[in-house]
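Data block below; observations after.
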Number of protein chains: 2
Amino acid sequence: MLQLTKRTEYGLIALVHMVDQGGEYTSAREIAESYPIPKRLLAEVLKDLARSGLVNSLRGSTGGYALARPPEQITVGDIVSALEGAPTLASCDTADGNASDCEVEPVCPIRSPLQRIRKGIWLQMQRTSLRALVTPSPQAADLPLTARNGPAAS
Amino acid sequence: MLQLTKRTEYGLIALVHMVDQGGEYTSAREIAESYPIPKRLLAEVLKDLARSGLVNSLRGSTGGYALARPPEQITVGDIVSALEGAPTLASCDTADGNASDCEVEPVCPIRSPLQRIRKGIWLQMQRTSLRALVTPSPQAADLPLTARNGPAAS
DNA sequence: TTGAAATAGCACTAAATTGGTGCGAAATAC
DNA sequence: GTATTTCGCACCAATTTAGTGCTATTTCAA
């Protein structure tokens, strides 16, 4: 239903939390205790983030995770891509432009416009940095087409 | 994984097909035979489209479906909304701005930026008309933020 | 040296969503 | 009347996702 997975959601929350911790290494337990997130599952997500190089990890009793790059250089696109793969709107619409396993392909009339939409979504995710997530200032979001209905910065 | 459902995909194909048929009523069978789509499932999708008022239906042996409005006035957003609901990126991010059943809510740090992204996606779908789907001309797509990597219109 | 606390890896179960089907009823043209 | 269509609802099957179990390995610190 065109929704991010819980894994991605948890990953985003964890990364935002890490931003707040500065460069300090933060354990999965600590993050999981700050939000109603199953610790075990969050651990799994963090492992994936480490595998894809978005965070560094340290083992041992004082170990944990920390951002591998400054939050300005990590995008929502990076995170989504690491945790659930790049978005593909239709089965005949892959990120690399191939229509590999699409049976409709030879007669499919909706490919190129859907690709355009997907690219737009993707662009938006790549344009939104982790920094923008943590700083909800209207400026920092770098999304010119924002429809602002009334956050009322309190 | 941030992907449209098959139902939506089939719906899009069917609607594009209807555009080609002009104002003529087209049966589910005819459409299903033009593409490798299970007839039975397509029928279900068309019923939904009819229920939501995007297409008109006629029963009887010469019946079928036809667009209820000109394709310029039907958007991808309308179609997606009819077949799988409006996109919601995270569980704390509903279309109406409420965070109804979100347990993370009081401490959730990612709400407003995700809402912005979702709104951008939504806007893009609302901006893309069925006409644009059927006419893959770069002009007709009305997507100002298109990542134009090949067409090179300028 | 020992133990606690942390990540790493892998497999597994359970729940939810989605894809697809069955079947009968009501309408309509011939 | 019959063939062909949409309509409505329920149902099963396949896939995806959420979440857990368990063990090994690393590291700090007492």
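As a basis for the values below, the full set of heavy atoms in this structure was taken, side chains included, without hydrogen atoms, waters or symmetry mates. Note that this is a predicted model, so its numbers are computed, not measured. Labels below follow one simple rule: chain letters A, B, ... track the order of the sequence lines, proteins then strands, and each chain is numbered from 1.
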Exercise. Name all pairs fulfilling the salt bridge (charged side-chain N to carboxylate O under 4.0 Å, His left out) condition that reach into residues 10-30 of chain B, sequence neighbours left out, sorted by first residue then second.
Key: R29(B)-E33(B)
Give the table of side-chain donor-acceptor pairs shorter than 3.5 Å for residues 42-56 of chain A, with sequence neighbours excluded, one pair per line with atom names and distance.
unit_1: E44(A); atom_1: OE1; unit_2: R40(A); atom_2: NH1; d: 3.0
unit_1: E44(A); atom_1: OE1; unit_2: K47(A); atom_2: NZ; d: 3.3
unit_1: D48(A); atom_1: OD1; unit_2: R51(A); atom_2: NH2; d: 2.9
unit_1: D48(A); atom_1: OD2; unit_2: R7(A); atom_2: NH2; d: 2.0
unit_1: S52(A); atom_1: OG; unit_2: D48(A); atom_2: O; d: 3.1
unit_1: S52(A); atom_1: OG; unit_2: L49(A); atom_2: O; d: 3.2

Self-check item: Residue K47(B), side-chain atoms from C-beta onward, closest of dG8(D), dA6(C), dA29(D)
Solution: dG8(D)
Quiz prompt | Closest nucleotide among dA6(C), dA8(C), dT17(D) to the S27(A) side chain | solution = dA6(C)
Quiz item: Atom NZ of K39(B) and atom C1' of dT5(D): how far apart are they, to the nearest Å?
Solution: 9 Å
Quiz item: NA contact type, L58(B), heavy-atom cut-off 4.0 Å: base, sugar-phosphate, or nothing?
Solution: sugar-phosphate
Quiz item: So what does A43(B) touch, heavy atoms closer than 4.0 Å: a base, only the sugar-phosphate, or nothing?
Solution: nothing
Practice problem: Check whether the side chain of E44(B) and the base of dC7(D) form a donor-acceptor pair under 3.5 Å. | Solution: no
Practice problem: Would you check if the side chain of T8(A) reaches a backbone N or O of L4(A) as a donor-acceptor pair within less than 3.5 Å? | Solution: no
Exercise. Using whole Å, report how far CD of E84(A) lies from C1' of dT17(D).
Key: 11 Å
Self-check item: Whole-Å distance separating the CG atom of L2(A) from the P atom of dT16(D)
Solution: 17 Å
Practice problem: Measure from the side chain of Y65(A), starting at C-beta and using heavy atoms only, and say which of dT7(C), dA29(D), dT4(D) lies closest. | Solution: dT7(C)
Quiz item: If you check every side-chain atom of P38(A), which of dT20(D), dT28(C), dC28(D) has the closest atom?
Solution: dT20(D)
Self-check item: Among dT20(D), dA5(C), dT17(D), the one nearest T5(A) by side-chain distance
Solution: dT17(D)
Quiz item: Below 3.5 Å, does any donor atom in the side chain of K6(A) face an acceptor in the base of dG19(D), or the other way round?
Solution: no
